[in-house]
Amino acid sequence: MALRFYNTLTQKIEDFVPADGKTVRMYTCGPTVYNYVHIGNLRTFTFQDVLRRWLRYRGYKLDHVMNITDVEDKIIRNALAQHKSIREYTSTYEKAFLEDSAKLRLERPERLVRATDHIPDMVKAIETLRQKGYTYESEGSTYYRIAKFGGYGKLSHNDFSGIRAGARVDVDEYDKADARDFVLWKARKDDEPFWETPLGEGRPGWHIECSVMSMKYLGETLDIHAGGVDLIFPHHENEIAQSEAISGHQFARFWLHAEHLLLDAQKMSKSLGNIYTLRELLAEGYTPEAIRYLLASVPYRKKLNFTMDVLKAAGTSIERLRNFKLRLETGKFSEGINPAIEERTATALAAFEASLDDDLNTAEALAAVFEYIRDVNTAMDGGEFLAGDTAGALDLLARFDSIFDVLRPSAEVTGLTDQQIEVRIAERNAARKSRDFARADRIRAELLEQGIVLEDTKEGIRWKRK
RNA sequence: GGCGCGGUAGCCAAGUGGUAAGGCAGAGGUCUGCAAAACCUUUAUUCAGCGGUUCGAAUCCGCUCCGCGCCUCCA
């Protein structure tokens, strides 16, 4: 089965192959750096990360551009209030975003680009639009004339025929000719920061940066453009209007959108006070892996209802995966290879891959892995799993983890070295042998306090860091 | 009002015509000096409701009820 994605543009699941057959040119909408990103943002970025990893797993090279929006209303307002320059203000949150991304093990895109580093490119693009007759000016601002663009609404599947072009619509502080029109270049206002350009003193509108930076680095037609569902309209719709007007070609072949994360069944919003940042969750003791697992485990086109119960469950699920890996690495198995196990491993891998090929069905992919783990554990209990079978099983886990990336613990919570731990275990074993169980239990308890869990198995004792 | 998504066990969730995956929690059990560990087994005669199509529907069609998103702040 071929790799396929749901394309918002066509509202269909379509086979995906990059235009040149080798390199996926992908653009994703990154953060607006006016605050710390919250877990809703991170859900979308985690989806993009899984997408990246799966495309590479399937043998494609990546050229992935992510933008950092570092100029817009809230940034300007907050920066002014703090008497900081835009760059001073945003650098804090840009840095925080990179740290949070690293904590969640989100791969760094090939290019991370800032809007403010591309002002001249944006001005040039707006001038091109002007030459082609797609713009008009009003009170120093430049607007995009939607009526001029035939395909408007094709991504969001909105019918704008009810709002007639040229009709006099009640307009806000900006003097737009048509309610659908949007600003490309905003005239300087009072003491706000501005750029001195041929378009006048001002700053770019929100949508133009994505059109400009994506086409600058990836060419006129992207293979994939991705973001959150709330960007479909107007942001992505406007990007299409700008980009296709400039290039005359289709802007993006595939549009992928991640559904929202809900917190206790409600959309996160400042007024409800139900916004969680990664920092807050980590401060409460949840691990980055558990958060990553939860965000990745619900297929990206489904709303994800985030609750602390589900987050705890994610942590426990990871434990099961890690325990299995530990058993593979430390278990004593008879020599040989069991063809039935090899076959089972191959089946599991095929199911895992087929699930992710199917529009990144992560829930089904996880099920394939857990079913395999259960079967192999049973085989181990029955002595049917042989030493020669471990390589294939570990390979399967490695492939799983190349996408989910949750097996490695984030932090060593103990200062003890492996050797120190082994010494304590030896002491406990001696105590047990002499039937001094009080002492043995005391050592076990002390190690547990330092984050070391001891497990007595058939093959002897093994330990792991909690 | 327009467009779109969804309602599957206590919770999360897969499954889009062939007779209900998986995870967590719960309950039994194995192992153990003990066990909080680990492992196994088990938990939906049923998929919001009512009709219809079909040999057969959670899956297709119609209606109803409920929840959610977007419709120029928004991942």
Side-chain angles (χ1 to χ4, degrees), chain A residues 8 11 28-32 34 37-48 72-74 146 153 156-163 172 174 176 179-183 206-207 226-235 237-238 257-262 265-270 293-294 297-299 301-307 309-321 323-324 326-327 351 355 358 361-374 377-378 380-382 432-433 435-438 440-441 444-445 448 453-458 461-464 466:
Chain A
T8 306
Q11 298 181 300
T28 60
C29 288
T32 300
Y34 70 97
V37 291
H38 60 243
I39 49 169
N41 299 315
L42 291 170
R43 197 262 168 119
T44 297
F45 299 140
T46 302
F47 145 66
Q48 292 166 0
E72 54 84 71
D73 291 348
K74 281 187 287 280
I146 283 298
S156 55
H157 304 284
N158 278 325
D159 178 8
F160 291 96
S161 59
I163 308 170
D172 51 24
Y174 301 115
K176 297 192 285 188
R180 301 172 300 171
D181 292 345
F182 58 91
V183 69
W206 172 33
H207 314 294
V229 282
D230 52 352
L231 295 184
I232 294 172
F233 189 87
H235 185 53
E237 197 74 73
N238 290 350
H257 292 99
E259 250 298 349
H260 278 306
L261 174 148
L262 305 176
Q266 287 183 298
K267 184 179 176 179
M268 289 196 298
S269 77
K270 288 212 167 118
Y293 180 97
L294 174 54
S297 64
V298 177
R301 286 200 296 127
K302 293 271 293 193
K303 289 180 186 66
L304 191 162
N305 189 15
F306 190 97
T307 65
D309 282 347
V310 181
L311 183 53
K312 286 183 193 114
T316 316
S317 297
I318 293 173
E319 284 304 301
R320 184 168 166 81
L321 292 159
N323 284 330
F324 178 68
L326 194 63
R327 194 174 185 189
S355 299
D358 183 14
N361 191 335
T362 48
E364 203 169 73
L366 284 169
V369 172
F370 280 110
E371 282 179 82
Y372 174 75
I373 289 176
R374 185 196 57 219
N377 269 321
T378 304
M380 286 173 169
D381 290 347
R432 289 180 73 201
K433 213 156 202 164
R435 303 194 68 77
D436 183 358
F437 294 121
D441 289 350
R444 182 170 63 189
L448 183 61
V453 178
L454 300 191
E455 293 167 6
D456 297 322
T457 70
K458 279 188 201 121
I461 192 151
R462 74 181 187 196
W463 63 272
K464 63 184 178 184
K466 188 77 180 164

Partner nucleotide, any strand, of B/G62 [Watson-Crick/G-U, under 3.5 Å]: B/C50

Base-pairing assignment for B/C68 (Watson-Crick or G-U wobble, both under 3.5 Å): B/G4

Touch class at under 4.0 angstrom, heavy-atom based, for A/Leu231 against every strand present: sugar-phosphate

Rounded distance in Å between the C1' positions of B/G56 and B/G17: 8 Å

Whole-Å distance separating the CG atom of A/Asp309 from the P atom of B/C11: 11 Å

Spacing of A/Thr362 atom OG1 and A/Lys302 atom NZ [to the nearest 0.5 Å]: 11.0 Å

Residue list, ring-ring contact (aromatic ring centres under 6.0 Å, His included) with A/Phe233, at least two apart or on another chain: A/Phe160

Separation between the C1' atoms of B/G4 and B/G51, rounded to whole Å: 26 Å

Under the side-chain hydrogen bond (donor to acceptor under 3.5 Å, both in side chains) test, residues paired with A/Ser156 that sit two or more places apart: A/Asn158, A/Glu237

Gap between atoms CG and P, on A/Leu42 and B/C74 respectively (whole Å): 18 Å

With A/Phe45 via ring-ring contact (aromatic ring centres under 6.0 Å, His included) - residues at least two apart: A/Phe97

For A/His260, all residues meeting side-chain hydrogen bond (donor to acceptor under 3.5 Å, both in side chains), sequence neighbours excluded: none

N/O donor-acceptor pair under 3.5 Å between A/His235 side chain and A/Asp230 backbone: no

Whole-Å distance separating the OH atom of A/Tyr293 from the C1' atom of B/C12: 10 Å

For B/C24, the Watson-Crick or wobble partner whose two distances fall under 3.5 Å: B/G10

Whole-angstrom distance between B/U59 and B/G28, as gauged at atom P: 37 Å

Touch class at under 4.0 angstrom, heavy-atom based, for A/Glu237 against every strand present: nothing

A/Ile39 CD1 to B/A75 P, straight-line distance once rounded to whole Å: 14 Å

Sugar-phosphate, base or nothing in reach of A/Pro299, heavy atoms under 4.0 Å: sugar-phosphate

Spacing of the P atoms in B/G15 and B/G6 (rounded, Å): 11 Å

Residues forming a side-chain contact (heavy atoms from CB on, under 4.5 Å) with A/Thr307, sequence neighbours excluded: A/Asp264, A/Asn305, A/Asp309, A/Val310

Sequence-distant partners of A/Lys303, side-chain contact (heavy atoms from CB on, under 4.5 Å), two or more places apart: A/Glu259, A/Leu262

Under 3.5 Å, N/O pairs linking protein and nucleotides 68-70 of chain B:
| from | atom 1 | to | atom 2 | distance (Å) |
| --- | --- | --- | --- | --- |
| B/C70 | OP1 | A/Lys267 | NZ | 2.4 |

Base partner of B/U45, which must satisfy Watson-Crick or wobble distances under 3.5 Å: none

Distance, nearest 0.5 Å, that separates CZ of A/Arg462 from CG of A/Leu454: 11.5 Å

Using a cutoff of under 3.5 Å, can you pull out all pairs of nitrogen or oxygen atoms linking the protein to nucleotides 32-37 of chain B, with atom names and distances?
| from | atom 1 | to | atom 2 | distance (Å) |
| --- | --- | --- | --- | --- |
| B/G33 | N7 | A/Arg432 | NH2 | 3.4 |
| B/G33 | O6 | A/Arg428 | NH2 | 3.3 |
| B/G33 | N1 | A/Asp441 | OD1 | 2.9 |
| B/G33 | N2 | A/Asp441 | OD2 | 2.9 |
| B/C34 | O2 | A/Arg444 | NH2 | 3.2 |
| B/C34 | N3 | A/Arg444 | NH1 | 3.0 |
| B/C34 | N3 | A/Arg444 | NH2 | 3.2 |
| B/C34 | N4 | A/Arg444 | NH1 | 3.2 |
| B/C34 | N4 | A/Asp456 | OD2 | 2.9 |
| B/A35 | N6 | A/Asp456 | OD2 | 3.1 |
| B/A35 | N1 | A/Arg444 | NH1 | 3.4 |
| B/A35 | N1 | A/Asp456 | OD2 | 3.3 |
| B/A35 | N3 | A/Arg444 | NH1 | 3.1 |
| B/A36 | N6 | A/Arg444 | NH2 | 3.4 |
| B/A37 | O2' | A/Glu455 | OE2 | 2.4 |

Touch class at under 4.0 angstrom, heavy-atom based, for A/Gly40 against every strand present: base

Mate of B/C39 where both pairing distances stay under 3.5 Å, Watson-Crick or G-U: B/G29

For B/G18, the Watson-Crick or wobble partner whose two distances fall under 3.5 Å: B/C55

Which nucleotide in B/A75, B/G15, B/C39 has an atom nearest any side-chain atom of A/Arg327: B/C39

Sugar-phosphate only, base, or nothing, as touched by A/Lys302 at under 4.0 Å among non-hydrogen atoms: sugar-phosphate

Nucleotides 19-22 of chain B: which of its N/O atoms have a protein N/O under 3.5 Å away?
| from | atom 1 | to | atom 2 | distance (Å) |
| --- | --- | --- | --- | --- |
| B/A21 | O2' | A/Glu371 | OE1 | 3.4 |
| B/A21 | O2' | A/Glu371 | OE2 | 2.8 |
| B/G22 | OP1 | A/Arg374 | NH1 | 2.8 |

Sugar-phosphate, base or nothing in reach of A/His257, heavy atoms under 4.0 Å: nothing

A/Lys74, nearest nucleotide to its side chain (from B/C73, B/C40, B/A25): B/C73

Side chains of A/Val183 and A/Trp206 in contact at under 4.5 Å (non-hydrogen atoms): no

B/C73 - base-pair partner by Watson-Crick or wobble geometry, distances under 3.5 Å: none

Euclidean distance, atom CG of residue A/Leu311 to atom C1' of B/A25 [Å, nearest integer]: 15 Å

Sugar-phosphate, base or nothing in reach of A/Leu326, heavy atoms under 4.0 Å: nothing

Side chain proximity check, A/Pro299 to A/Glu364, heavy atoms < 4.5 angstrom: no

With sequence neighbours excluded, residues passing side-chain hydrogen bond (donor to acceptor under 3.5 Å, both in side chains) with A/Trp463: A/Glu422

Pairwise C1' distance for B/C34 and B/A38, with rounding to whole Å: 15 Å

Partners meeting side-chain contact (heavy atoms from CB on, under 4.5 Å) with A/Thr44 (sequence neighbours left out): A/Gln48, A/Ala258

Whole-Å distance separating the CD atom of A/Glu319 from the P atom of B/A25: 11 Å

d(NE2, A/His207; C1', B/C74) in whole Å: 12 Å

Closest to side chain of A/Asn305, choosing from B/C12, B/G4, B/C24: B/C12

Closest to side chain of A/Thr44, choosing from B/C24, B/A75, B/C40: B/A75

Value in whole Å for how far the C1' atom of B/C12 lies from CD1 of A/Ile318: 14 Å

Results of side-chain hydrogen bond (donor to acceptor under 3.5 Å, both in side chains) for A/Asn41 - residues two or more places apart only: A/His38

P spacing across the pair B/G29 / B/G22, given as an integer number of angstrom: 23 Å

